[in-house]
Engineer: 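Here you go, one structure.
As a basis for the values below, the full set of heavy atoms in this structure was taken, side chains included, without hydrogen atoms, waters or symmetry mates. So that the names make sense, note that chain A is the first sequence line, chain B the second, and so on, each numbered from 1.
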Protein chains: 2
Amino acid sequence: MDISWDDARLFLAIAETGSFSGAARRLRIGQPTVSRRLAALEYAVGATLFRRSADGAALTAAGERLVPPAKKMAEWAGELHRAAESADNSPRGLVRVTGSPYTCFDVLAPFAGHVSRKHPGLRLEVLSTVQYLDLARGEADLALRTRPPTNADLKLVYTLETRNAVFVSKALKAKLPRKPTLQQLPWVAWSPPFEAVTPNPQLESLIPDFKPVFTTDNFLVMVAAAQAGVGAMVLADVRHRFSQDRGLVPLDIDLGPYATGQVHLVCAKSALDIPRVRKVSELLVEELEYTKRR
Amino acid sequence: MDISWDDARLFLAIAETGSFSGAARRLRIGQPTVSRRLAALEYAVGATLFRRSADGAALTAAGERLVPPAKKMAEWAGELHRAAESADNSPRGLVRVTGSPYTCFDVLAPFAGHVSRKHPGLRLEVLSTVQYLDLARGEADLALRTRPPTNADLKLVYTLETRNAVFVSKALKAKLPRKPTLQQLPWVAWSPPFEAVTPNPQLESLIPDFKPVFTTDNFLVMVAAAQAGVGAMVLADVRHRFSQDRGLVPLDIDLGPYATGQVHLVCAKSALDIPRVRKVSELLVEELEYTKRR
DNA sequence: CAGGAGATATCCATTTTCGCATGACCCCAT
DNA sequence: ATGGGGTCATGCGAAAATGGATATCTCCTG
């Protein structure tokens, strides 16, 4: 028996996406190919690795054991990938930066404009995701995150301390009491399936019987709602070089334990050896530094 | 750019065998396939990874960087492999045991007979190698070695202390002085390319101007020469259950720092989760234990 | 209960990859 | 000088892997 390395990758994709078709999409191959190759792999291993059902593929006990080494292979494949990319030593090409929807919208999108003007050879791909992409595996090159990395292969490049504040439209502020409490405010927040995304859990812990007046699964819609005066939302009060006036003003309310936060610039350690990633990282640090001085 | 995991394996095989054709042999594919796939990989990476020459393929600086992550992938592929094999939970099938030529000849070959008699389902593959096979990668399942493992993924299962002695044929012993010195003896030893294999370097350090009377690149030939009275050779004086009388007798000579040695039974940590490997390991420990009691 | 969405499995034409045979080159030894 | 053994590269026919269409099944919904 000999497991092809590509089959290991296939196996991991199925395990992580939870379905043959999901794995096919991730690997950009056809679903029948996934089906056949996994069948061959299972035959070679002599054990069933997934239970097929109408809602996908679930790992069996035998399959479960294969996941950790396959994940490690994926990490080192990411490392290999970065080592290969360090070869072209000119800061040009595609750099993938990930962040929360808000960060992407507020910071990274205008930053991308700045980058493309200053360095025409560099292209930015901004991946707006709720869940974390795996930087070690190379699912993205750089990330702006609210929590520092736990994985030892990742590097914390820069940290910016931020103040969080409650924002409302000017019109709404005018209608509110001079010093409103958190309970008194109408809130704009996430709808399922994002109930666990900031700031929902925080607001739920601060406000008994938290009931947002407006929910959505799209961050831009949330901002638009706040701008339209529908309700209040919590945002990091970051005034960077690209800050645009969105017609939102901060309220003088104490957010308690959530009054401050951080923005961390994170990447895989070896990613900084890739010239184009290093360049973008430097530009991003420059912007974050600039923010601090204001 | 996206490096296929199989291409990573291909790259590593070329890097480690030092040639396209060597890699082809190791991976059991054709040499043209290696040539074409590497060319495609280099094109994708955008850099030359190997300098082709009449005596093989040498890594370029760009290629050099890819080796460490590729090696890590190989180790985790070995781990994956063992996890997959833990699935069949009956101690039957092929177990690959490696050792020095002498160990294979003297211990493992007769031990294999013992195993196949006692456990008909188990088959032993005895790999007689001068250089170490990589247990972490799964190039073998178990190893009898003279040095303890350094890699943290490997497990030292058992250690046997041994005494080394100088052996000659009875006929030769009769012709020698009662208490011969090391210098006086005619020696049987390794020829190139095995100059650096035990016991050559040790004898060279003990005997000024060491000049063996007979050299060979094959251990069995060495033993046969000693049996024929050609000269003396250093062997571990291990009397195990399968010891055969080879007509060789020990001399009463002090080998100084080389008078004692060890035999270590080593395997990858997770290899013991494979029932058939565990079984063979237990049987082997049993034999080594038995040796100790005599 | 019917129908649609989404899952895996199978059939088959097509594309891709592979291995063999061969060529070109280099080095070393006779 | 020349032959032999080693290297990598290339051409071509055969084999294998792939993808699209399709079948089948399950679940959820209207």
Side-chain angles (χ1 to χ4, degrees), chain A residues 1-64 66-67 191-193 217, chain B residues 1-64 66-67 191-193 217:
Chain A
M1 194 236 309
D2 178 56
I3 300 175
S4 131
W5 289 16
D6 272 344
D7 282 347
R9 185 185 211 175
L10 177 79
F11 166 82
L12 184 63
I14 302 173
E16 293 189 333
T17 61
S19 78
F20 289 16
S21 31
R25 281 188 294 274
R26 179 194 282 197
L27 300 179
R28 298 174 205 279
I29 60 179
Q31 170 265 319
T33 302
V34 175
S35 183
R36 259 175 294 126
R37 279 178 47 187
L38 182 75
L41 176 63
E42 288 181 323
Y43 178 79
V45 169
T48 305
L49 302 175
F50 293 97
R51 264 183 306 277
R52 282 82 158 162
S53 78
D55 47 33
L59 280 163
T60 62
E64 206 81 61
L66 305 193
V67 172
S191 70
D217 62 353
Chain B
M1 192 236 309
D2 178 55
I3 300 175
S4 133
W5 288 17
D6 272 343
D7 283 345
R9 185 185 211 175
L10 177 80
F11 166 82
L12 184 62
I14 302 173
E16 293 189 331
T17 61
S19 77
F20 288 18
S21 32
R25 281 188 294 274
R26 180 195 280 199
L27 300 178
R28 298 174 203 281
I29 60 179
Q31 168 266 317
T33 303
V34 175
S35 182
R36 270 181 309 234
R37 280 178 46 190
L38 182 76
L41 176 62
E42 288 180 323
Y43 178 79
V45 169
T48 304
L49 301 175
F50 293 97
R51 264 183 305 278
R52 282 83 157 161
S53 78
D55 46 32
L59 280 163
T60 62
E64 205 81 61
L66 305 193
V67 171
S191 70
D217 62 353

Engineer: Could you tell me if the side chain of Arg37(B) sits less than 4.5 Å from the side chain of Asp6(B), heavy atoms only?
Structural biologist: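 A side-chain contact under 4.5 Å exists here.
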Engineer: Find which nucleotide of DNA chain C each of Gly18(A) and Arg37(B) is nearest to by heavy atoms, and output the residue with the more 5' nucleotide.
Structural biologist: Gly18(A)
Engineer: Between Glu16(A) and Arg25(A), does any side-chain N to carboxylate O distance fall below 4.0 Å?
Structural biologist: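 Judged by the 4.0 Å cut-off on N to carboxylate O distance, Glu16(A) and Arg25(A) do not form a salt bridge.
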Engineer: Quick one: does Arg28(B) reach the base of dG19(C) with a side-chain donor-acceptor pair under 3.5 Å?
Structural biologist: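 No, no donor-acceptor pair under 3.5 Å.
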Engineer: OP1 or OP2 of dT17(C) less than 4.0 angstrom from a side-chain nitrogen or oxygen of Thr33(B), does that happen here?
Structural biologist: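 So the side chain of Thr33(B) is outside the cut-off, no N or O lying under 4.0 Å from OP1 or OP2 of dT17(C).
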Engineer: With distance as the sole criterion, do the side chain of Gln31(A) and the base of dA7(C) form a donor-acceptor contact below 3.5 Å?
Structural biologist: no
Engineer: How many whole angstroms separate atom CZ of Arg51(B) from atom C1' of dC25(C)?
Structural biologist: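 Atom-to-atom, Arg51(B) to dC25(C), this comes out as 18 Å.
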Engineer: Do the side chains of Asp7(A) and Leu38(A) get nearer than 4.5 Å, heavy atoms only?
Structural biologist: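 Sidechains of Asp7(A) and Leu38(A): no contact.
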Engineer: To the nearest Å, give me how far apart CG (Asp6(A)) and P (dA16(D)) are.
Structural biologist: 18 Å
Engineer: Rounded to whole Å, how long is the line connecting atom CG of Leu41(A) with atom P of dA9(C)?
Structural biologist: 13 Å
Engineer: Output yes when at least one side-chain N/O atom of Ser53(B) is less than 4.0 Å from OP1 or OP2 of dT7(D), else no.
Structural biologist: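 It does not, given that no N or O in the side chain of Ser53(B) lies less than 4.0 Å from OP1 or OP2 of dT7(D).
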Engineer: Look at Arg52(A) and dG6(C) and indicate whether a side-chain polar atom (N or O) is within less than 4.0 Å of OP1 or OP2.
Structural biologist: no
Engineer: On DNA chain D, compare the nucleotides closest to Gly30(A) and Ile14(B); which residue's is nearer the 5' end?
Structural biologist: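 It is Ile14(B), whose closest nucleotide lies nearer the 5' terminus.
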Engineer: So if I take every side-chain heavy atom of Arg36(B) and compare against dC27(C), dG11(D), dC8(D), which nucleotide ends up nearest?
Structural biologist: dG11(D)
Engineer: Between Ser35(A) and dT8(C), does any side-chain N or O lie under 4.0 Å from OP1 or OP2?
Structural biologist: no
Engineer: Whole-Å distance between dT26(D) C1' and Asp55(A) CG?
Structural biologist: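 Going from CG in Asp55(A) over to C1' in dT26(D) covers 9 Å.
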Engineer: Provide, to the nearest angstrom, the distance between the CZ atom belonging to Arg25(A) and the P atom belonging to dT8(C).
Structural biologist: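 Atom-to-atom, Arg25(A) to dT8(C), this comes out as 9 Å.
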Engineer: In sequence, state the C-alpha distance, the side-chain angles, and the governing distance for Arg51(B) and Glu64(B), and then conclude on salt bridge (charged side-chain N to carboxylate O under 4.0 Å, His left out).
Structural biologist: CA-CA 12 Å; Arg51(B) 264 183 305 278; Glu64(B) 205 81 61; over 6 Å; no
Engineer: Within the side chain of Thr48(A), is there an N or O that forms a donor-acceptor pair under 3.5 Å with the backbone of Phe50(A)?
Structural biologist: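 No; judged by distance alone, with no hydrogens or angles, the pair does not exist.
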Engineer: Whole angstroms only, please: what is the CD1-P distance between Ile29(A) and dA17(D)?
Structural biologist: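 The answer, rounded to whole Å, is 13 Å.
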Engineer: Measure from CZ on Phe20(A) to C1' on dT26(D) and round the result to the nearest Å.
Structural biologist: 16 Å
Engineer: Nearest whole angstrom, please: distance from the P of dT8(C) to the CG of Leu38(A).
Structural biologist: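 After rounding, the gap between these two atoms is 10 Å.
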Engineer: Toward the 5' end of DNA chain D, which comes first, Pro32(B) or Gly22(B), by nearest nucleotide?
Structural biologist: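 That would be Gly22(B).
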